There are 2 protein chains.
Amino acid sequence: MAEKQYRIGEFSQLVGLSTYTLRYYEDQGLILSQRDDNGVRFYTEHDIRWVGFILHLKGTGMRLNELKRYVKLRAEGDATIGERREMLQRIKNEAEAEIAERQLHLTVLEHKIKWYDEKQAHTIDDSETFHDYLQRFQD
Amino acid sequence: MAEKQYRIGEFSQLVGLSTYTLRYYEDQGLILSQRDDNGVRFYTEHDIRWVGFILHLKGTGMRLNELKRYVKLRAEGDATIGERREMLQRIKNEAEAEIAERQLHLTVLEHKIKWYDEKQAHTIDDSETFHDYLQRFQD
DNA sequence: AAACACCTTCGAGTGCACTGTAAGGCAAGG
DNA sequence: CCTTGCCTTACAGTGCACTCGAAGGTGTTT
């Protein structure tokens, strides 16, 4: 039983990327496609997994240029595993730092929401500025 | 004792935004500046706090257009507090959803790093694909 | 007198990641 | 035969948030 083959339109639906983007990624060397006798692209389950994986990498904040570099290393074989590992580790660290930073910003936003609530409920002095209010959480 | 006044160059250093960006933000209505007798911008501590706050909002993922809308509402007075609160709440929800999503992508990246480690240490079968490996964590 | 920091308007350039159009062509299905 | 879906190259357009430069100006400091 041969594996199911998908043409670009169907594949596009499956992976959630437009056909434009799929061709663009192929241009950029991020994906490969096989061709039938007429030169028409087709993809298999294997390609679905690969696109899924690069979308995970993208989802962590990895940029196309880094992704290209990663794919290039991958094509060079197991000798580059160390380098790829370091790359992913760096991406991981950066992503975690960004998340942490974003969470810090979020706490201020949360305080502001609380401040609005208390202001609306008149449980804080009408003249207390948000800045003064924030001071109460500084320690 | 009058409050210290900062001209744009110094202020730029203090808040970490270029003078270009400060003027741009002013154009966009995100910041106000006072002017001396010669029309030269100056800022005070109050402005430092305000820029600090909008950078927190930006840091949560809020876009300039939303920020503009927020600032506009703010200028309309306390009557818009409810709307501003809802706005920040929505931003908060979106930011949390994005963080959660990013963390999901990160777990896959972490698995990939582990997979590299195990592959390098030859503790996994050389023929086991990352996809097969990942299956072991699916439940 | 020159250097410096600021002011204005206006418009162009940057980086990223697409997204779309034009203009041509091929092959299969109703 | 015509529509649909695919193919190609090449290039323009989009959205976002800056970033910069030109060309002219003012006021303060050395």
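In what follows, every chain begins at residue 1, and chains take the letters A, B, ... in the order their sequences are listed. Quick caveat: nothing in here was measured; it's all calculated off a predicted structure.
For the pair Arg41(B) and dC6(C), the criterion of a side-chain N or O lying under 4.0 Å from OP1 or OP2 is not met. Within the 4.0 Å cut-off from OP1 or OP2 of dC18(C), at least one side-chain nitrogen or oxygen of Tyr25(A) is found. Residue Arg35(B) has no polar side-chain atom (N or O) positioned under 4.0 Å from OP1 or OP2 of dT26(D). Dashed line: the shortest gap from a side-chain N or O of Arg63(A) to OP1 or OP2 of dC16(C) is not under 4.0 Å. The side chain of Lys68(B) places no N or O atom within less than 4.0 Å of a non-bridging phosphate oxygen (OP1 or OP2) of dC16(D). Within the 4.0 Å cut-off from OP1 or OP2 of dT19(C), at least one side-chain nitrogen or oxygen of Thr21(A) is found. Distances shown here put every side-chain N or O of Arg23(B) at or beyond 4.0 Å from the OP1 or OP2 atom of dC10(C).
Side-chain contact between Leu109(B) and His56(A) is absent, with no heavy atoms from C-beta onward closer than 4.5 Å. Counting heavy atoms from C-beta on, the side chains of Arg74(B) and Arg84(B) come closer than 4.5 Å. In this structure, Ile48(B) and Tyr6(B) have side chains that are in contact, with non-hydrogen atoms separated by less than 4.5 Å. Residues Val51(B) and Tyr43(B) form no side-chain contact, since every pair of their non-hydrogen atoms from C-beta on lies 4.5 Å or further apart.
Comparing Gly9(B) and Asp27(B) by the nucleotide of DNA chain C whose heavy atom lies nearest to each, the residue mapping closer to the 5' end is Gly9(B).
Bending across the helix from dA1(C)-dT30(D) to dG30(C)-dC1(D), expressed as the angle between its end axes from five pairs apiece, amounts to 10° (10° rounding).
In terms of modelled atom types and a separation under 3.5 Å, the side chain of Asp36(B) and the main chain of Asn38(B) share a donor-acceptor contact.
For Leu64(A), taking side-chain heavy atoms from C-beta onward, the closest of the listed nucleotides dG20(C), dA17(D), dC18(C) is dC18(C). Comparing dC6(C), dC6(D), dC18(C) by their nearest atom to the side chain of Val40(A) picks out dC6(D). Considering only the side chain of Ser18(A), dT19(C) comes nearest among dC6(C), dT19(C), dC6(D).
Separating the OH atom of Tyr24(A) from the P atom of dT19(C) is a distance of 10 Å, rounded to the nearest angstrom. Atom pair Tyr20(B):OH and dT9(C):P shows a separation of 16 Å (rounding to whole Å applied). Rounding to whole angstrom units, CD of residue Glu66(B) and P of dA17(D) are separated by 9 Å.
Residues passing the side chain to side chain contact (heavy atoms under 4.5 Å, CB included) test with Phe53(A) are Trp50(A), Leu57(A), Tyr70(A), Val108(B), Lys112(B), Phe130(B), sequence neighbours excluded.
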